[in-house]
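Residue numbers start from 1 in every chain, and the chains themselves are labelled A, B, ... in the order their sequence lines are given, proteins ahead of strands. Being a predicted model, the structure only gives us computed values, none of them experimental.
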Amino acid sequence: KAGVTQTPRYLIKTRGQQVTLSCSPISGHRSVSWYQQTPGQGLQFLFEYFSETQRNKGNFPGRFSGRQFSNSRSEMNVSTLELGDSALYLCASSSQGRGAETQYFGPGTRLLVL
Amino acid sequence: GNSVTQMEGPVTLSEEAFLTINCTYTATGYPSLFWYVQYPGEGLQLLLKATKADDKGSNKGFEATYRKETTSFHLEKGSVQVSDSAVYFCALIQAYAGGTSYGKLTFGQGTILTVHP
């Protein structure tokens, strides 16, 4: 099976712009979670989608949003970018998003905000 | 809320040395526990996991035992190799807690391991 893929791998944006990141889960997986990784805050959960519905959300401002399509592919959007949004954004997929299921991570999208 | 605390890093070892990376957690109920590894420029890979008290997860020579009495999940390896150099993350997920647990891993801050020949 192909692994989790994320596009693009690298992005450079300026403050105030918006950005959309894409994640394609492993075939058959219906749950997609998104995480932000920074040197200062570590790995933080953004949100989780299952069957096109957001089931769980972390403590991020409303500028961070996401969606999931019927084929389980997911996108996240960050509007009005701030310098502090520079980070590695990781998505992970699992079958149902429950309990002890393993989450399989993509390689991430590295976002730099200037 | 849930939290995971890992030992301060970085950790520097010589090849064939014994490795321990400490991990303790705070959670209600019965979390499942994981160790993930991140190599430079890559995403996270699952190293091992344990789903209930006294379970031992193992993979590629790494082991960790779920200790509910001490709320710990320490990672060990008897003989490290240069190829083990990476960042190691301890994580938990709250099982069977409904909406607030779906897909949400809580991570420790990560421990950088460097192994010299």
**Student:** Val115(B) and Ile21(B): same hydrophobic cluster, using ILVMFWY side-chain contacts below 4.5 Å?
**Tutor:**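 Yes; Ile21(B) is reachable from Val115(B) via cluster members.
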
**Student:** Could you list all the disulfide (SG to SG under 2.5 Å) pairs where at least one residue sits in residues 16-114 of chain A, not counting sequence neighbours?
**Tutor:**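 Counting only pairs at least two positions apart or across chains, the disulfide (SG to SG under 2.5 Å) contacts touching residues 16-114 of chain A are Cys23(A)-Cys91(A).
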
**Student:** Any idea which of Tyr35(A), Phe47(A), Phe50(A), Tyr49(A) has the most non-hydrogen atom pairs under 4.5 angstrom with chain B?
**Tutor:**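 Answer, by heavy-atom pair count under 4.5 Å with chain B: Tyr35(A).
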
**Student:** Inspect the surroundings of OH in Tyr66(B) and state if more than 12 heavy atoms from other residues, nucleotides or ligands are less than 6.0 Å away.
**Tutor:**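 Counting neighbours around OH of Tyr66(B), more than 12 heavy atoms of other residues, nucleotides or ligands fall under 6.0 Å, so yes.
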
**Student:** Taking atom OH of Tyr10(A) as the centre, does the number of heavy atoms from other residues, nucleotides or ligands within less than 6.0 Å exceed 12?
**Tutor:**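 No, the 6.0 Å shell around OH holds no more than 12 heavy atoms from other groups.
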
**Student:** Would you say that more than 12 heavy atoms from the other residues, nucleotides or ligands in this model lie under 6.0 Å from the CD of Glu16(B), or not?
**Tutor:**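 It does not: Glu16(B) CD has 12 such atoms or fewer within range.
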
**Student:** Supply the atom-to-atom distance Leu90(A) CG to Gln38(B) CD, rounded to the nearest 0.5 angstrom.
**Tutor:**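 Answer for the CG-CD pair, Leu90(A) versus Gln38(B), is 6.5 Å.
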
**Student:** If you measure from CD on Gln44(A) to OG1 on Thr106(B), what distance do you get to the nearest 0.5 Å?
**Tutor:**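 Result: 10.5 Å between the selected atoms.
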
**Student:** Is chain B contacted by the side chain of Gln37(A), its backbone, both, or neither, given a heavy-atom distance below 4.5 Å?
**Tutor:**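 The side chain, not the backbone.
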
**Student:** With a sphere of 6.0 Å drawn around CD1 of Ile12(A), does it hold more than 12 non-hydrogen atoms of other residues, nucleotides or ligands?
**Tutor:**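 No, the 6.0 Å shell around CD1 holds no more than 12 heavy atoms from other groups.
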
**Student:** How long is the gap from CZ on Phe34(B) to CD on Gln103(A), to the nearest 0.5 Å?
**Tutor:**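 Between Phe34(B) CZ and Gln103(A) CD, I get 7.5 Å after rounding to 0.5 Å.
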
**Student:** Can you tell me which of Gly97(A), Gly42(A), Gly58(A), Gly108(A) forms the most heavy-atom pairs within a distance under 4.5 Å of chain B?
**Tutor:**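 Going by pairs under 4.5 Å, I would pick Gly97(A).
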
**Student:** Against chain A, label Gln45(B) side chain, backbone, both or neither, depending on which of its atoms sit under 4.5 Å from a heavy atom there.
**Tutor:**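 Interface part for Gln45(B): neither.
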
**Student:** For Lys52(B), does the NZ atom sit with more than 12 other heavy atoms under 6.0 Å from it, leaving out its own atoms?
**Tutor:**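 Open: at most 12 neighbouring heavy atoms sit under 6.0 Å from NZ of Lys52(B).
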
**Student:** Under a 4.5 Å heavy-atom cut-off, does chain A meet the side chain of Leu46(B), its backbone, both or neither?
**Tutor:**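 The answer is the side chain of Leu46(B).
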
**Student:** More than 12 non-hydrogen atoms from neighbouring residues, nucleotides or ligands closer than 6.0 Å to CZ on Arg9(A), yes or no?
**Tutor:**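 Above 12, so yes.
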
**Student:** Checking Lys104(B) side chain against Phe45(A) main chain: does a donor-acceptor pair fall under 3.5 Å?
**Tutor:**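 Not at all, since once roles are kept as given, no pair shorter than 3.5 Å links the two residues.
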
**Student:** Compare every heavy atom of Ala100(A) with every heavy atom of Thr51(B), then report the nearest pair and how far apart it is.
**Tutor:**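 Distance-wise, the nearest heavy atoms are CG2-CB, 3.2 Å.
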
**Student:** With a 4.5 angstrom heavy-atom cut-off, is it the side chain or the backbone of Leu44(B) that approaches chain A, or both, or neither?
**Tutor:**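 Both parts, heavy atoms under 4.5 Å.
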
**Student:** Taking all heavy atoms of Gly103(B) and all of Ser33(A), pick out the closest pair and write down the distance.
**Tutor:**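 Smallest heavy-atom distance, with atoms named: O-OG, 2.7 Å.
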
**Student:** Evaluate whether atom CG of Asn71(A) has more than 12 neighbouring non-hydrogen atoms of other residues, nucleotides or ligands under 6.0 angstrom away.
**Tutor:**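 Yes - once you tally the heavy atoms of other residues, nucleotides and ligands closer than 6.0 Å, there are more than 12.
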
**Student:** Are Tyr36(B) and Phe105(A) close enough that their ring centres sit under 6.0 Å apart?
**Tutor:**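 Distance test on ring centres: under 6.0 Å, yes.
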
**Student:** For Arg73(A), I'd like to know if atom CZ has over 12 heavy atoms of other residues, nucleotides or ligands within 6.0 Å.
**Tutor:**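 Enclosed: over 12 neighbouring heavy atoms sit under 6.0 Å from CZ of Arg73(A).
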
**Student:** Examine whether an atom of Leu46(A) lies under 4.5 Å from a heavy atom of chain B, and if so say whether it belongs to the side chain, the backbone or both; otherwise answer neither.
**Tutor:**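 The answer is neither part of Leu46(A).
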
**Student:** Should Leu43(A) and Gln109(B) count as side-chain neighbours, where that means a heavy-atom distance under 4.5 Å?
**Tutor:**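 Result no, sub-4.5 Å side-chain heavy-atom pair not found.
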
**Student:** Considering only heavy atoms, which portion of Ser94(A) lies under 4.5 Å from any heavy atom of chain B: side chain, backbone, both, or neither?
**Tutor:**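 The answer is neither part of Ser94(A).
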
